[in-house]
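One-based numbering, in listed order, for ligands and for the atoms of each.
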Amino acid sequence: MWKLTRFAASGSRLFSTAIPAPCMVHKRGADILHDPWFNKDTGFPLTERDRLGLRGLLPPRIISFQEQYDRFMSSYRSLEKNTHGQLDDVVSLSKWRSLNRLHDRNETLYYRALIDNIKEFAPIIYTPTVGLVCQNYCGLYRRPRGMYFSSKDKGEMMSMIYNWPAPQVDMIVLTDGSRILGLGDLGVQGIGIPIGKLDMYVAAAGINPKRILPIMLDVGTNNQELLDDRLYLGVRQPRLEGEEYLSIMDEFMEAVHARWPKAIVQFEDFQMKWAFETLKRYRQKFCMFNDDIQGTAGVALAGLLGTVRAQGRPLSDFAKQKIVIVGAGSAGLGVLNMAVQAVSKMSGCSETEAKSQFFLLDKDGLITTERSNIDPAAVPFAKSPRDLEGLAEGASIIDVVKKVRPHALLGLSGVGGIFNEQVLKAMRESVSTKPAIFAMSNPTMNAECTAIDAFNHAGENIVFASGSPSENVDLGDGRVGHVNQANNMYLFPGIGLGSLLSGARLITDGMVQAASECLASYMLEEDIKKGILYPSIDCIRNVTAEVGAAVLRAAVAEGIAEGQGAVGSKELEHMSKEDTLEYVRGNMWYPEYCPLVHEK
Ligand SMILES: NC(=O)c1ccc[n+]([C@@H]2O[C@H](COP(=O)([O-])OP(=O)(O)OC[C@H]3O[C@@H](n4cnc5c(N)ncnc54)[C@H](O)[C@@H]3O)[C@@H](O)[C@H]2O)c1
Ligand SMILES: O=C(O)C[C@H](O)C(=O)O
Ligand SMILES: [Mg+2]
């Protein structure tokens with residue numbers, strides 16, 4: 001059990017508690033109080049108040065970090081009490097506002113609160129509330145966060161990038177807002193997603209918040225409601241397409257690379273065509289990855305392998321399992337790609353043979369070679385007539401499930417409720433003794449089914465996962481239907497952290513695979529047997545450290561790790577597995593007030 005509990009209290013300090021190193025600040029007086037990176041509110045000691053010209057600008061009593069934390073949490077608890085009984089969305093948005101106000105004011109305290117209460121706060125700053133925040137972004141907007149590049153900035157990006165006030169940026173999350181969760185095209189309002197993802201980078205991977213940068217590339221929107229909305233804050237034009245789109249994207253990537261050559265760019269929530277196109281275009285040139293394609297694939301594969309273990313079968317049995325994937329977008333195809341590679345590697349068969357056990361559906365049903373206008377990215381996975389098992393082109397989910405009797409049914413369609421009662425009941429006829437149902441679409445209302453419906457209709461022996469968090473299901477007589485959260489948050493922070501520390505100039509398939517394998521082997525047999533496929537989010541800092549170390553070692557093994565600072569490629573090569581993990585942990589930022597020293 002130690003692996004799960006070692007760092008279970010994610011708020012507890014993981015590493016030796018040396019006095020924090022001083023931090024240089026170029027501001028003085030009120031400017032410091034208005035800068036959330038440096039602000040300590042009432043926590044500035046007298047010496048600092050003198051040194052930084054703060055004396056008289058704050059109430060005289062000095063409040064410790066712990067007291068400030070307690071004060072915030074108690075006001076948060078009062079808010080919970082005062083909003084009790086109100087609509088869920090109203091309550092969630094009030095909670096988000098409360099956290100956001102702290103984020104805007106004092107980042108050190110904000111991240112301490114987030115880390116110490118990650119299980120409770122992740123659903124507010126991340127999926128599912130972040131979806132609601134994006135939908136209501138223009139009304140909620142008070143002050144900017146991150147950077148906004150738009151189609152109006154063509155030709156200016158190289159100079160604009162220097163407007164960002166931090167000298168160093170390690171991690172960028174970029175969106176064009178074209179496919180925000182399962183909510184569609186939200187234009188500039190999609191900026192909430194990079195902000196939420198980067199909050200997870202700080203909380204889970206310990207990336208220093210002064211070195212993160214959320215970015216919105218606003219190339220217009222095809223959402224007519226937004227275009228008609230007087231309050232819409234983005235560019236009011238239809239989305240750029242084709243070469244125009246790519247030239248903006250190229251200019252942006254060059255600008256980022258020119259200022260911060262080693263910054264990692266995570267592409268997030270792009271519509272499928274641009275998700276695949278940009279990954280292909282940039283992955284050999286920049287240190288980047290697409291989280292929806294690659295991060296999701298790694299998490300889903302780890303969960304599917306866990307399901308095989310939960311059935312009490314050897315991992316090699318994965319190669320024999322029949323899997324139905326509903327949703328042939330960036331996520332569904334990403335999962336399929338990685339799963340096929342895993343089967344081929346495990347069983348030694350060709351990828352063509354490995355594909356035969358997978359069935360892929362999109363909005364028009366089962367995808368077969370008979371389809372005209374098939375999406376180019378889905379072509380390699382279209383079923384040929386000899387593999388159809390009596391099914392026809394465009395067969396419905398229910399027909400496919402009834403005929404195939406799959407071991408696992410995965411939803412990455414973005415369509416709420418499509419695993420209806422009929423489909424779930426058909427899963428009772430699965431050839432597996434413990435079939436898996438993963439309703440991975442986000443946010444909660446877009447999930448293919450609820451956990452309760454899954455256990456009710458498909459039976460109590462299933463293994464269940466949803467993309468957004470959900471309560472375990474009470475099966476009566478003290479029995480629990482465990483709800484896993486199959487979300488890429490278990491991998492993207494570690495992929496970013498490991499890549500960053502490796503100093504590699506690219507993120508390879510091998511590095512992403514290492515991340516997935518690490519997550520797959522993280523869980524202990526006794527938990528897996530209970531249908532628990534992923535660690536509790538309370539352990540996310542520890543999971544991320546392990547994933548980060550696995551990614552770093554993969555980069556070293558591939559000979560592409562250049563290291564950073566005093567730790568170069570040679571030093572990395574000589575690190576044992578344990579040393580690598582310690583090195584990763586030692587580089588994770590933890591929120592505490594550091595002495596501020598003024599520098600002109
Ligand atoms: N849990 C996670 O970690 C995770 C990660 C990535 C994406 N997602 C979720 O997955 C969903 C899809 O993301 P994406 O990037 O692949 O989107 P996408 O737009 O690229 O693809 C959606 C796919 O679903 C198909 N589809 C639509 N309606 C359907 C229907 N009625 N029946 C069957 N298929 C249908 C579409 O044809 C398309 O192939 C989103 O809701 C997103 O939030 C979850
Ligand atoms: O954002 C999430 O919660 C997961 C994923 O990246 C998604 O697009 O749904
Ligand atoms: Mg996403």
Undergrad: Would you call L412 a ligand 1 contact, heavy-atom distance under 4.0 Å?
TA: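 Flag set, L412 near ligand 1.
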Undergrad: When you check the gap from the basic side-chain N to the acidic O, do K273 and E241 get nearer than 4.0 Å?
TA: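 Between E241 and K273 there is a salt bridge, with a charged N closer than 4.0 Å to a carboxylate O.
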Undergrad: Charged N to carboxylate O under 4.0 angstrom, D387 versus K355?
TA: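 Salt bridge flag = no for K355 with D387.
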Undergrad: Hey, can you pull the donor-acceptor pairs under 3.5 Å for the side chains in residues 92-100, sequence neighbours left out?
TA:
{"from": "S92", "atom 1": "OG", "to": "D88", "atom 2": "O", "distance (Å)": "3.0"}
{"from": "S94", "atom 1": "OG", "to": "V90", "atom 2": "O", "distance (Å)": "2.8"}
{"from": "K95", "atom 1": "NZ", "to": "E80", "atom 2": "OE2", "distance (Å)": "3.4"}

Undergrad: In terms of side-chain geometry, is the basic nitrogen of D199 or R145 positioned less than 4.0 Å from the acidic oxygen of its partner?
TA: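 Answer for the salt bridge query: no.
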Undergrad: As an exercise, identify every atom of ligand 1 less than 4.0 angstrom from a heavy atom of D292.
TA: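 In order of numbering, the contacting atoms are 6 (C).
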Undergrad: Answer yes or no for K197: is there a heavy-atom contact with ligand 2 below 4.0 Å?
TA: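 The answer is yes, since K197 has a heavy atom less than 4.0 Å from ligand 2.
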Undergrad: If only side-chain N and O atoms count, and only distance matters, is there a donor-acceptor pair under 3.5 Å linking N290 with Y282?
TA: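 The answer is no; no qualifying pair exists.
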Undergrad: Which of the atoms in ligand 1, numbered in the order shown and given with their element, are less than 4.0 Å from a heavy-atom of G182?
TA: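 Counting from 1, the qualifying ligand atoms are 40 (C), 41 (O), 43 (O).
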Undergrad: I need the nearest protein heavy-atom contact for atom 5 (C) of ligand 1: residue, atom name and distance, please.
TA: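 Among all protein heavy atoms, the one nearest atom 5 (C) of ligand 1 is T296 OG1, 3.0 Å.
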Undergrad: Is there any N or O on A486 that sits under 3.5 Å from an N or O of ligand 1?
TA: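 Between A486 and ligand 1 (N or O atoms, distance only) the closest approach is under 3.5 Å.
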Undergrad: Hey, is P443 touching ligand 1 through its side chain, its backbone, both or neither, going by heavy atoms under 4.0 Å?
TA: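 Neither part.
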Undergrad: Hey, do the aromatic rings of Y201 and F492 have their centres closer than 6.0 Å?
TA: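 Yes - the distance between ring centres of Y201 and F492 falls below the 6.0 Å cut-off.
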Undergrad: Students should be able to answer this: which protein heavy-atom is nearest to atom 19 (O) of ligand 1, and at what distance?
TA: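 Ranked first by proximity to atom 19 (O) of ligand 1 is R179 CG, 3.9 Å.
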Undergrad: Taking the side chain from R541 and the backbone from A203, do they hold a donor-acceptor pair closer than 3.5 Å?
TA: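 Indeed, once roles are kept as given, a pair shorter than 3.5 Å links the two residues.
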Undergrad: Applying a heavy-atom cut-off of 4.0 Å, say which part of V130 lies close to ligand 2: side chain, backbone, both or neither.
TA: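 No part of V130 is near ligand 2 at this cut-off.
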Undergrad: When you look at CG of L233, are more than 12 heavy atoms from neighbouring residues, nucleotides or ligands closer to it than 6.0 Å?
TA: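 Yes, enclosed.
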Undergrad: Working note: V326 + L409, criterion side-chain contact (heavy atoms from CB on, under 4.5 Å); need CA distance, chi angles, decisive distance, verdict.
TA: CA-CA 8 Å; V326 179; L409 173 65; 4.1 Å; yes
Undergrad: Counting heavy atoms only, which part of N488 comes closer than 4.0 Å to ligand 1: side chain, backbone, both or neither?
TA: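 It is both parts that get close, each with some atom under 4.0 Å.
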Undergrad: What is the closest protein heavy atom to atom 5 (C) of ligand 2, and at what distance does it sit?
TA: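 Sorting protein heavy atoms by distance from atom 5 (C) of ligand 2 puts N488 ND2, 3.4 Å first.
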Undergrad: Is N488 close to K197 at the side-chain level, that is, under 4.5 Å between some pair of heavy atoms?
TA: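 When only atoms from C-beta onward are counted, N488 and K197 do touch, with a gap below 4.5 Å.
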Undergrad: Yes or no on side-chain contact (heavy atoms from CB on, under 4.5 Å) for L361 and V324, after CA distance, side-chain angles and deciding distance?
TA: CA-CA 8 Å; L361 288 84; V324 172; 3.7 Å; yes
Undergrad: Of the options Y490, F464, F438, which is the one that meets Y534 in a ring-ring contact (aromatic ring centres under 6.0 Å, His included)?
TA: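 Checked Y490, F464, F438 against Y534; only one passes ring-ring contact (aromatic ring centres under 6.0 Å, His included): Y490.
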Undergrad: With heavy atoms only and a cut-off of under 4.0 Å, state how N487 meets ligand 2: side chain, backbone, both or neither.
TA: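 Only the side chain of N487 comes within reach of ligand 2.
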Undergrad: What atoms in ligand 2 come closer than 4.0 Å to a heavy atom of L181?
TA: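 Going through ligand 2 atom by atom, the ones under 4.0 Å from L181 are 1 (O), 2 (C), 7 (C), 8 (O), 9 (O).
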Undergrad: Which atoms of ligand 2 have any heavy atom of Y126 under 4.0 Å away?
TA: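 Checking each atom against Y126, I get 1 (O), 2 (C), 3 (O), 4 (C).
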Undergrad: T127 heavy atoms, cut-off 4.0 Å: which ligand 2 atoms fall inside?
TA: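 Under 4.0 Å from T127, ligand 2 has these atoms: 1 (O), 2 (C), 3 (O).
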Undergrad: Could D250 and K285 be called an ion pair, given the rule that one side-chain N must be under 4.0 Å from one carboxylate O?
TA: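 Judged by the 4.0 Å cut-off on N to carboxylate O distance, D250 and K285 do not form a salt bridge.
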Undergrad: Counting heavy atoms only, which of S178, S396, A377, S413 is nearest atom 22 (C) of ligand 1?
TA: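 The residue whose heavy atom sits nearest atom 22 (C) of ligand 1 is S413.
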Undergrad: Distance under 4.0 Å to a non-hydrogen atom of A331: what atoms of ligand 1 satisfy this?
TA: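 Numbered from 1, ligand 1 contributes 6 (C), 7 (C), 14 (P), 15 (O), 16 (O).
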Undergrad: Based purely on interatomic distance, does A328 place a nitrogen or oxygen under 3.5 Å from a nitrogen or oxygen of ligand 1?
TA: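 There is such a contact, yes.
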Undergrad: So, do L183 and P443 sit near enough that their side-chain heavy atoms are less than 4.5 Å apart?
TA: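 Yes, side chains in contact.
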Undergrad: Side-chain contact test, heavy atoms from C-beta onward, threshold under 4.5 Å: evaluate it for F267 versus L279 and give yes or no.
TA: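 With C-beta onward as the side chain, the pair stays apart.
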Undergrad: Please state which protein non-hydrogen atom is closest to atom 44 (C) of ligand 1 and give its distance, to 0.1 Å?
TA: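 Nearest protein contact, heavy atoms only, for atom 44 (C) of ligand 1 is M440 O, 3.2 Å.
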Undergrad: Side chains of N487 and Y126 only: does a donor on one sit below 3.5 Å from an acceptor on the other?
TA: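 Yes.
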Undergrad: Just let me know how R179 lines up against ligand 2, side chain, backbone, both or neither, with a heavy-atom cut-off below 4.0 Å.
TA: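 The answer is the side chain.
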Undergrad: May I ask you to list the atoms of ligand 2 that are less than 4.0 angstrom from any heavy atom of D292?
TA: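 Under 4.0 Å from D292, ligand 2 has these atoms: 5 (C), 6 (O), 7 (C), 8 (O).
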Undergrad: Hey, is E393 close enough to R371 for a salt bridge, meaning N to O under 4.0 Å?
TA: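 Between R371 and E393 there is a salt bridge, with a charged N closer than 4.0 Å to a carboxylate O.
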Undergrad: Looking at non-hydrogen atoms alone, which of G467, S330, G298, G303 comes nearest to atom 20 (O) of ligand 1?
TA: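 Closest candidate by heavy-atom distance is S330.
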Undergrad: Among protein heavy atoms, which sits nearest to atom 33 (C) of ligand 1, and what does the distance come to when rounded to 0.1 Å?
TA: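 So the nearest neighbour among protein heavy atoms is D362 O, 3.2 Å.
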Undergrad: With atom 9 (O) of ligand 2 as the reference point, say which of V299, N442, T296 has the nearest heavy atom.
TA: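 When every heavy atom of V299, N442, T296 is considered, N442 comes closest to atom 9 (O) of ligand 2.
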Undergrad: Between S441 and E448, do the side chains contain an N or O donor and an N or O acceptor separated by less than 3.5 Å?
TA: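 Per modelled atom types, S441 and E448 side chains form a pair under 3.5 Å.
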Undergrad: How far is atom 9 (C) of ligand 1 from its nearest protein heavy atom, and which residue and atom name does that atom have?
TA: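 Looking at atom 9 (C) of ligand 1, the protein heavy atom closest to it is S441 CA, 3.8 Å.
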Undergrad: As a check for students: among K363, M272, Q271, identify the option with a heavy atom nearest to atom 36 (C) of ligand 1.
TA: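 Closest candidate by heavy-atom distance is K363.
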Undergrad: Looking at D269, which atoms of ligand 2 are within less than 4.0 Å of one of its heavy atoms?
TA: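 Under 4.0 Å from D269, ligand 2 has these atoms: 8 (O).
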Undergrad: May I ask you to identify, for V415, whether its side chain, its backbone, both or neither come under 4.0 Å of ligand 1 on a heavy-atom basis?
TA: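 Under 4.0 Å from ligand 1, V415 contributes side-chain atoms alone.
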Undergrad: Just by modelled atom types, is the L186 backbone N or O under 3.5 Å from a matching donor or acceptor in the N223 side chain?
TA: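 Answer holds: no.
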Undergrad: Starting from atom 18 (P) of ligand 1, which protein heavy atom do you reach first, and at what distance in Å?
TA: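 Checked against all protein heavy atoms, atom 18 (P) of ligand 1 sits closest to G329 CA, 3.8 Å.
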Undergrad: Everything protein-side that's N, O or S and under 2.8 Å from the Mg ion (ligand 3): list it, residue and atom.
TA: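 For the Mg ion (ligand 3), the protein N, O and S atoms that sit under 2.8 Å away are E268 OE2, D269 OD1, D292 OD1.
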Undergrad: For F318 and F358, take the angle between the two ring planes, folded into 0 to 90°, and tell me which bin it lands in: parallel under 30, tilted 30 to 60, perpendicular over 60.
TA: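 Perpendicular: the ring planes of F318 and F358 meet at over 60°.
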